[in-house]
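Notes to accompany the following structure.
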Amino acid sequence: MKLDIKICGLSTADAVDRAVERGATHIGFIFFEKSPRNIAPEIAGELADRVRSRAKIVAVTVDANDEDLDDIVSLLHPDILQLHGHETPERILHIKALYGLPVMKVFSVREATDLHRVDPFIGVADRFLFDAKAPKGSDLPGGNGVSFDWNLMASLDEGVNYMLSGGLNKDNVADAIASTRATGIDVSSGVESAPGLKDVGMIDAFFDAVADAKANKR
Ligand SMILES: O=C(O)c1ccccc1NCC(=O)[C@H](O)[C@H](O)COP(=O)(O)O
């Protein structure tokens with residue numbers, strides 16, 4: 001089974017190196033000022049250079065304007081733009097025309113009806129990421145370490161290619177893989193010892209758990 005693994009919100013060389021050594025197919029950098037994982041595009045670009053040919057570089061933005069996207073794209077040179085805000089299909093078409101990069105559009109989920117919001121984006125975004133809705137009072141649209149009911153994903157059209165995220169960690173990732181058709185999984189706070197602080201031991205434990213899950217699914 002081919003499963004993409006994205007480690008998101010990286011900000012140190014140690015964590016970038018370990019994630020990719022352990023098999024991360026995607027690494028994500030957060031460009032959102034309120035996030036403890038927010039990173040300057042220049043620094044993200046330097047970290048990405050360490051692993052560029054081995055993992056896809058994902059720029060995570062939230063309703064970013066063209067000026068900010070210009071900076072991010074020119075300094076990071078991402079492979080994928082992850083749009084984690086309220087971007088419309090029209091905005092996504094504009095961004096794709098500007099940069100010629102694949103777009104992964106994020107939807108937050110609490111109930112089955114949240115999944116229908118994807119319909120106008122099919123054929124517009126290249127891939128989808130389903131995350132949990134932010135808890136009340138959170139400043140962050142992602143990276144909150146909370147899960148949603150993965151059984152809801154069964155009602156999604158089978159043709160939709162998606163990554164799953166939201167509160168994944170070493171203890172629940174096997175269950176997430178077994179109970180959905182996700183072609184990728186994405187983790188951030190589940191491999192952190194404190195908000196924004198990635199922990200290489202926790203990255204190891206996460207990849208060990210994914211390896212066990214894949215072995216058991218064969
Ligand atoms: O992680 C952040 O701080 C963040 C801030 C603003 C927008 C998106 C953000 N994270 C995006 C991600 O792809 C996270 O990996 C995803 O939300 C899962 O996070 P977690 O539940 O902590 O594993």
Side-chain angles (χ1 to χ4, degrees), residues 3-12 15-16 19-20 24-41 43-44 47-48 55-65 68-69 72 76 78-87 102-110 114 125-150 153 162-177 180 182-199 202-203 205-207 209-210:
L3 183 75
D4 288 336
I5 305 176
K6 172 169 165 268
I7 307 292
C8 202
L10 291 160
S11 58
T12 63
V16 166
V20 175
T25 57
H26 295 63
I27 58 167
F29 296 101
I30 305 289
F31 302 100
F32 186 64
E33 276 183 15
K34 290 180 185 163
S35 172
R37 306 167 187 103
N38 186 42
I39 188 166
I43 310 285
L47 291 174
K56 295 222 183 294
I57 310 302
V58 183
V60 181
T61 61
V62 182
D63 298 318
N65 59 32
D68 288 344
L69 286 174
I72 292 164
L76 174 62
D79 298 298
I80 298 170
L81 298 172
Q82 176 176 324
L83 305 182
H84 216 112
H86 300 94
E87 299 85 2
V103 161
M104 179 153 71
K105 176 71 186 115
V106 182
F107 290 92
S108 54
V109 183
R110 186 176 295 134
D114 294 323
D126 298 274
R127 197 173 189 180
F128 297 96
L129 187 150
F130 292 99
D131 197 352
K133 273 212 196 301
K136 259 208 171 95
S138 171
D139 282 338
L140 306 178
N144 288 299
V146 294
S147 302
F148 66 97
D149 178 3
W150 304 316
M153 297 310 295
Y162 70 90
M163 280 199 179
L164 184 73
S165 74
L168 296 180
N169 57 48
K170 70 173 175 48
D171 297 320
N172 65 12
V173 68
D175 197 13
I177 293 169
T180 68
T183 54
I185 48 172
D186 168 37
V187 62
S188 183
S189 28
V191 292
E192 289 180 347
S193 54
L197 284 183
K198 292 291 184 284
D199 180 303
M202 291 172 80
I203 291 175
F206 187 79
F207 279 96
V210 172

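Note that this is a predicted model, so its numbers are computed, not measured. Side chains included, hydrogens not; waters and symmetry mates left out as well; all remaining heavy atoms used. Note that ligands are numbered from 1 as they come in the structure, with each ligand's atoms numbered from 1 the same way.
Atom NZ of Lys170 has 12 or fewer neighbouring heavy atoms from other residues, nucleotides or ligands inside a 6.0 Å radius. Heavy-atom neighbours of Lys133 NZ from other residues, nucleotides or ligands within 6.0 Å: above the threshold of 12.
The option from Arg37, Lys34, Gln82 that lies nearest to atom 2 (C) of ligand 1, judged by heavy atoms, is Arg37. Checking Met104, Met163, His84, His26 against atom 11 (C) of ligand 1, the nearest heavy atom belongs to His84. The option from Gly166, Gly142, Pro36 that lies nearest to atom 18 (C) of ligand 1, judged by heavy atoms, is Gly166.
With respect to Lys198, the side-chain hydrogen bond (donor to acceptor under 3.5 Å, both in side chains) criterion is satisfied by exactly one of Ser11, Ser189, Ser188: Ser188.
For ligand 1, the polar-atom distance check finds no N/O of Pro141 at less than 3.5 Å from any of the ligand's N/O atoms. Considering backbone and side-chain N/O of Gly167, one or more are found under 3.5 Å from N/O of ligand 1. In terms of polar-atom proximity, defined here as any N/O pair under 3.5 Å, Leu168 makes no such contact with ligand 1.
Considering only non-hydrogen protein atoms, atom 14 (C) of ligand 1 sits nearest to Asp186 OD2, 3.6 Å. Looking at atom 23 (O) of ligand 1, its nearest protein heavy atom turns out to be Ser188 N, 2.9 Å.
Counting heavy atoms closer than 4.0 Å to ligand 1, residue Asn144 contributes backbone atoms (N, CA, C, O) but none from C-beta onward. With a heavy-atom cut-off of 4.0 Å, Val106 does not touch ligand 1 at all.
Partners of Phe207 according to the ring pair (Phe, Tyr, Trp, His ring centres under 6.0 Å) rule, which considers only residues two or more places apart in sequence or in another chain, do not exist here.
Distances below 4.0 Å separate heavy atoms of Lys6 from the following atoms of ligand 1: 13 (O).
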